[in-house]
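First the proteins, then the strands, lettered A, B, ... as listed; each starts at 1.
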Amino acid sequence: MRVAVVGAEGGGLLQAVAEDGSPQGPPQPVRDLAAAVAERERADRPRWVWAATAELYPGLLRAGARADRAHDLGLTEAILLAADGRWGEPRSFPAAWARLRGLPVPDDTARPSGAPGAGQPALFDHDLLGLPGPAELLEGVVAVHADQQRRLAGAVPRSERVQGVGAGAREAAEGAGGGWPGGLGLLVAAESAGALAAVEMAAAGLPWRPEVHDAVLTELLGPRPRAGAVPQRLADLAARVGAAFGLPRLNPDSPAQVLRAFANAGTPLPSTRSHVLRGVDHPAVPLLLAYKELSRLHATYGWSWLDAWVAGGRFRPEYVPGGVVSGRWATRGGGALQIPHALRRAVVADPGWTFVVADASQLEPRVLAALSGDDGLARAAAGGDLYAALAADAFGGDRARAKTALLAAMYGGDVGQLMTVLRRRFPAAVGYVEAAARTGEEGGLVRSRLGRTCPPPSTAWLAATEAAGGLGPDAEAVPRGRRAARDRGRFTRNFVVQASAADWALVLLAAVRRRLAGEAGQLVFFQHDEVVVHCPRDDADRVAAEVRDAAAESGRLVFGDTAVRFPLSVAVVDCYADAK
DNA sequence: GGCCATAGCGCG
DNA sequence: AAAGCGCGCTATGGCC
């Protein structure tokens, strides 16, 4: 059971549609959309079909209407277009509808920034679309949904549709148990569930104690300075860095000035990166390293961040599901996915509540094992410490070398000998990523386990590689083209692993969300391979068990029958900093 | 004044 | 030990 929905001046329109998108009754006008949605949710638990979860759901949720399932037309359109190699085309609902009707396609307009909920974006305003009213808007939602269901039914997992995929990739994919387990349906459902979770997490907020944050800053930087002033500790360090060079006016934030200072001191450096500085013997180095670390903390997550992003004891980032090409999430403002470990002290559960923090251990190598169907790697991934098992199996017990080799296989580093060992012992796994790299170098497309598709090469890339292969290329064109090809190979090599890991994590998130429905506990954070649930202390053990079950469920749904395990490390802690 | 590229580093 | 992948964010510094 599906119900298409559009909002209109507080009320809205609902219309039941079948699985294939055909209407199953007349449009039903409602005066109070949230009340109508809540009632229908209780009665039928339908899948809500709407233009964009991020636009419609926050208001519904605020008014008390929680949705269990959705079909987000914009997110689905993006997945379908990408699967066809059509990356640059606008993917919003209005764009999809315009394409369907053969009308000029509007650009994807950026959502206005600002406080969540403030100023409703006009993206789906019927006036802007030149439409007579919400009835026509509903017609569009129904039509685009039906079209997407047709395209989803036709999106058969056949890798030969992918340009440039060599036989190796095809065999590797099929050897793993056959491409996408259920077409793109699972991906689309998980993407929409993720969008619901994102809105709910933004509404719940991550518990955040401003006084603890302030105490951490004060301990590291000195007391909060007046607006615009530099904290004492930073001013001291900057002065001492300057003194070490005999340059009192040196600005440590300026790489150019710092490079000049080192050059004048007889130590020319390629850059002022920390790892370069660490190899330099000069009295300014430790001061500079300390300055850089504290300066970053102050600039990015200092008192102004606290003022801007924490209110009422909650940090409310704006998540952007599917914001990364690999399907990982991004955030808009607040830097929620880069919170420094030092500040996780400030993430403290409410009285009587606690956090269940669960993160997937060694997710990407496990994903590679499951993707490639490599028996040896799957054996190593069947237990707790994959790298230790790998080391015992093929690297004479040297865990560090085993880890380096496997990371290089997934990311494209050059580790010479280690790769030879890896290739001999785990031919399917290495073959899988190398086929993906070859496809990328040739300009082809690769896909995640659930069918999320990488972007095609840019026109600049095509120009660079064509210039290198053309007749009488100039001397610089050849290395430039080769470099472009290699760069893209590393991207697609990594894409198949990172994006499949994102598939798994997204399905995990959806499974956790479903298991928590009706419970007191709430998802409050999701970071690539990690979920955080805020729950009453008495529920923590049950929540931890649910999260573990959700991980096993995600493994089955995404990878089917595999020996590979996806263990979670689960911590029940009152403070986020105490997890792992 | 705003815009943009670059450098650098936080997270996974 | 560092580097290979994906991001967001800030400061600098050149440009219009």
_By nearest atom, which of the nucleotides B:dG10, C:dG6, C:dA3 is closest to the A:Phe491 side chain?_
C:dG6
*asked:* Under a 3.5 Å cutoff, is there a donor and acceptor pairing between the side chains of A:Glu364 and A:Tyr411?
replied: yes
*In whole angstroms, how far is the C1' atom of C:dT10 from the CZ atom of A:Arg332?*
19 Å
_From the set C:dA2, B:dG8, B:dC11, return the single nucleotide nearest to any side-chain atom of A:Gln527._
B:dC11
*For A:Val325, which contact category applies under a 4.0 Å heavy-atom criterion: base, sugar-phosphate, or nothing?*
sugar-phosphate
*Remember a base hit wins even if backbone is also touched, and classify A:Arg488 as base, sugar-phosphate or nothing at under 4.0 Å, heavy atoms.*
nothing
*Rounded to the Å, how far apart are A:Tyr301 OH and B:dC9 C1'?*
10 Å
_Would you say A:Lys292 places a side-chain N or O within less than 4.0 Å of OP1 or OP2 belonging to B:dC9?_
yes
*Hey, is the side chain of A:Thr272 poking within less than 4.0 Å of OP1 or OP2 on B:dA7, counting only N and O atoms?*
no
*Give a yes or no on whether A:Lys403 atom NZ has more than 12 heavy-atom contacts from other residues, nucleotides or ligands under 6.0 Å away.*
no
*With heavy atoms under 4.0 Å as the rule, sort A:Ser254 into base, sugar-phosphate or nothing.*
sugar-phosphate
*Give none if C:dG4 has no partner; otherwise give the nucleotide forming a Watson-Crick or G-U wobble pair with it, both distances under 3.5 Å.*
none
_Please classify the nucleic acid contact of A:Gln498 as base, sugar-phosphate, or nothing, using heavy-atom distances under 4.0 Å._
base
*Below 4.0 angstrom, N of the basic side chain to O of the carboxylate: do A:Asp236 and A:Arg233 qualify?*
no
*Heavy atoms under 4.0 Å, any strand shown: does A:Gly323 hit a base, just sugar-phosphate, or nothing?*
nothing
*Which is true for A:Ser271 with a 4.0 Å heavy-atom rule: it touches a base, it touches only sugar-phosphate, or it touches nothing?*
sugar-phosphate
*Distance in angstrom units between A:Glu434 CD and C:dG4 P, rounded*: 17 Å
*Using a heavy-atom cut-off of under 4.0 Å over every strand shown, decide if A:Ile339 touches base, sugar-phosphate, or nothing.*
sugar-phosphate
_Phosphate contact (C:dA11 OP1 or OP2) by A:Asn251 side-chain N/O below 4.0 Å_ = no
*Check the chi torsion on B:dG8 and let me know: syn if it falls within 90° of 0, anti if not.*
anti
_Lys/Arg N to Asp/Glu carboxylate O, A:Glu191 vs A:Arg328, below 4.0 Å_ = no
*State whether A:Arg328 places a side-chain N or O below 4.0 Å from either non-bridging phosphate oxygen (OP1 or OP2) of C:dG6.*
no
*asked:* I want to check one thing: is the phosphate of B:dC11, taken as OP1 and OP2, less than 4.0 Å away from some side-chain N or O of A:His341?
replied: yes
*asked:* Please determine whether the number of non-hydrogen atoms from other residues, nucleotides or ligands lying under 6.0 Å from atom CZ of A:Arg482 exceeds 12.
replied: no
*What about the rings of A:His534 and A:Phe525, do their centers lie closer together than 6.0 Å?*
no
*Name the nucleic acid region contacted by A:Arg273, choosing base, sugar-phosphate or nothing; use a 4.0 angstrom heavy-atom cut-off, strictly under.*
sugar-phosphate
*Establish, with yes or no, whether the OP1 or OP2 oxygen of C:dA3 is under 4.0 angstrom from a side-chain nitrogen or oxygen of A:His275.*
yes
_A:Arg344 side-chain proximity, nearest of C:dG6, B:dC11, C:dA1_ = B:dC11
